[in-house]
Amino acid sequence: MVDRLTDTEISAALNGLTDWQLREDGLAITRTLKFGDFAEAFGFMSRIAILAEKADHHPEWFNVYNKVDITLTTHDAKGLSQRDVDLARQIDAAAGA
């Protein structure tokens, strides 16, 4: 079982994740990234897929051409967990944020 973050923990985490938004229901964080073209976007997704697989925590994402929409939530916690925050930080690092 994975612990769900409290509202205080979510607020603290979002202070360090400036490009992420709390989803309206408060159960996920989202970010949209734009790249130069499809190959760059797909390459980024491939790099993140390897990180996610190693962490056994996988994003929900959607890609059209040079745009990647990412949603992070932890289904076992029925909301946000530290796993989401950790993966968001890795995504930010890979994106150069």
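Sequential numbering from 1 along the given sequence is applied to the chain's residues.
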Task: Donor-acceptor pair, side chain of Asn63 and main chain of Lys67, under 3.5 angstrom - done: yes
Under 4.5 Å between any side-chain heavy atoms of [X] and [Y], yes or no?
| X | Y | result |
| --- | --- | --- |
| Gln82 | Leu5 | yes |
| Leu80 | Ile29 | yes |
| Val68 | Phe62 | no |
| Arg23 | Thr71 | yes |
| Trp20 | Leu72 | yes |
| Arg89 | Leu17 | yes |
| Leu33 | Arg31 | yes |

Open item on the list: Considering only residues two or more places apart or on different chains, which pairs with a residue in residues 49-59 satisfy side-chain hydrogen bond (donor to acceptor under 3.5 Å, both in side chains)?
Closed with: Glu53-His58, His57-Asp84
Open item on the list: Run the side chain to side chain contact (heavy atoms under 4.5 Å, CB included) test on Asn66 and Glu40 for me, step by step, so that the C-alpha distance in whole Å, both residues' side-chain angles and the decisive distance to 0.1 Å come before the verdict.
Closed with: CA-CA 7 Å; Asn66 68 336; Glu40 192 177 324; over 6 Å; no
Open item on the list: Please determine whether residues Val2 and Leu87 belong to a single hydrophobic cluster, defined as Ile, Leu, Val, Met, Phe, Trp and Tyr linked transitively by side-chain heavy-atom distances below 4.5 Å.
Closed with: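 Not linked; separate clusters.
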Open item on the list: Check this for me: Asp37, atom CG, are more than 12 non-hydrogen atoms of other residues, nucleotides or ligands nearer than 6.0 Å?
Closed with: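 Buried by this count: over 12 neighbours within 6.0 Å.
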Open item on the list: If you count heavy atoms of other groups shown closer than 6.0 angstrom to CZ of Phe42, is the number above 12?
Closed with: no
Can you name the nearest heavy-atom pair linking [X] to [Y], along with the distance?
| X | Y | answer |
| --- | --- | --- |
| Ile10 | Gly26 | CD1-O, 4.3 Å |
| Ala28 | Leu22 | O-CD1, 3.5 Å |
| Leu27 | Lys78 | CD2-O, 3.5 Å |
| Trp61 | Ala49 | CH2-N, 3.9 Å |
| Ala13 | Val85 | CB-CG2, 3.6 Å |
| Ser81 | Thr74 | OG-OG1, 2.6 Å |

Task: Polar side chain donor-acceptor pair, Gln90 to Asp86, under 3.5 angstrom - done: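 No donor-acceptor contact under 3.5 Å links the two side chains.
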Task: Pairwise distance CZ(Arg4) to CG(Asp76) - rounded to 0.5 angstrom - done: 13.0 Å
- [ ] Mind checking the OG1-CG spacing from Thr32 to Asp19? Nearest 0.5 Å is all I need.
- [x] 10.5 Å
TODO: Evaluate side chain to side chain contact (heavy atoms under 4.5 Å, CB included) for Phe38 paired with Val64, printing each intermediate quantity in order.
DONE: CA-CA 8 Å; Phe38 176 75; Val64 174; over 6 Å; no
